[in-house]
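Take a look at the structure set out below.
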Amino acid sequence: DAKTTQPNSMESNEEEPVHLPCNHSTISGTDYIHWYRQLPSQGPEYVIHGLTSNVNNRMASLAIAEDRKSSTLILHRATLRDAAVYYCILSNYGQNFVFGPGTRLSVLP
Amino acid sequence: DTGVSQDPRHKITKRGQNVTFRCDPISEHNRLYWYRQTLGQGPEFLTYFQNEAQLEKSRLLSDRFSAERPKGSFSTLEIQRTEQGDSAMYLCASSPPGRINTEAFFGQGTRLTVV
């Protein structure tokens, strides 16, 4: 399974944008990039996914580098409810997601 | 649609006992997954069903673990002769048919404590 690397933790101020980076230098041409987040005492929650083009949805935006070796999850205005562990995952036609330790995002009021 | 439901939410058992967890996926989701999560770690894949067929099993799933999905709807995960190292959150997820690489919907998990 292709691996991703993420910072262990990040901090953001409330109502400011947050850019969560992910490196995946060994990504294959058919790997999708998925982002999930996990709030305390909850199961993981889908955020967004993409293959090559940048993606937007109501929760976030996903910016994918042209060489696909890195991506960035963008939360446009962080709220206190966005404090969670964010996981960047590669998936190739399957759902056997390989979760790493993720990035713990703290949002300061 | 009530989401993925797991039962029980918490289970405390004595070492050596057997435990069984249940997962009810979202209606009409044909794919079902089990993950295990220990404190401070991301979830680890255990096994995957498509309808009633168990298509993939992690090597983490020792012979003490067994999972079933008899009619392609709900699933059970049984752990026999529990050990303290089995203490973890057990997560179930489901996803709909038809699309490759669609999102998975996770339940809130069953927290197992082996004493």
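So that the names make sense, note that chain A is the first sequence line, chain B the second, and so on, each numbered from 1. Here the structure is a predicted model, which is why all the values come from computation and not from measurement.
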#### Entry: When Gln37(B), Arg111(B), Glu44(B) are compared by non-hydrogen pairs under 4.5 Å with chain A, the top option
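The answer is Gln37(B).
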### Query
With chain A, which of Gly109(B), Pro43(B), Gly42(B) has the greatest number of heavy-atom pairs at distances under 4.5 Å?
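Heavy-atom pairs under 4.5 Å are most numerous for Pro43(B).
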### Task
Measure across Leu91(B) and Gly43(A) and return the closest heavy-atom pair with its distance rounded to 0.1 Å.
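Taking every non-hydrogen atom into account, CD2-CA, 3.9 Å.
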### Query
So how far is it from Gln42(A) CD to Met89(B) CE, rounded to the nearest 0.5 Å?
9.0 Å
### Task
Heavy-atom distances under 4.5 Å only: say whether Gln41(B) touches chain A with side chain, backbone, both or neither.
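The answer is the backbone of Gln41(B).
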State yes or no: do [X] and [Y] share one hydrophobic cluster built from I, L, V, M, F, W and Y residues joined by side-chain heavy-atom distances below 4.5 Å, directly or via other members?
{"X": "Leu62(A)", "Y": "Ile74(A)", "answer": "no"}
{"X": "Leu46(B)", "Y": "Phe105(B)", "answer": "no"}
{"X": "Phe45(B)", "Y": "Leu61(B)", "answer": "no"}

### Message
At a heavy-atom distance under 4.5 Å, which candidate from Tyr46(A), Phe99(A), Tyr87(A) has the highest pair count against chain B?
### Response
Phe99(A)
### Task
Find out whether Phe106(B) and Tyr36(A) are in side-chain contact, i.e. whether some heavy atom of one side chain is under 4.5 Å from a heavy atom of the other.
yes
### Task
Tell me whether the centres of the aromatic rings in Phe97(A) and Tyr33(B) are closer together than 6.0 Å.
no
### Query
Hey, is CG on Leu108(A) packed in by over 12 heavy atoms from elsewhere, all under 6.0 Å?
yes
### Query
With a cut-off of 6.0 Å (strictly less than), are more than 12 heavy atoms of other residues, nucleotides or ligands near CZ of Arg9(B)?
yes
### Task
Sort and list the pairs that fulfil ring-ring contact (aromatic ring centres under 6.0 Å, His included) and have at least one residue in residues 50-89 of chain B, not counting sequence neighbours.
none
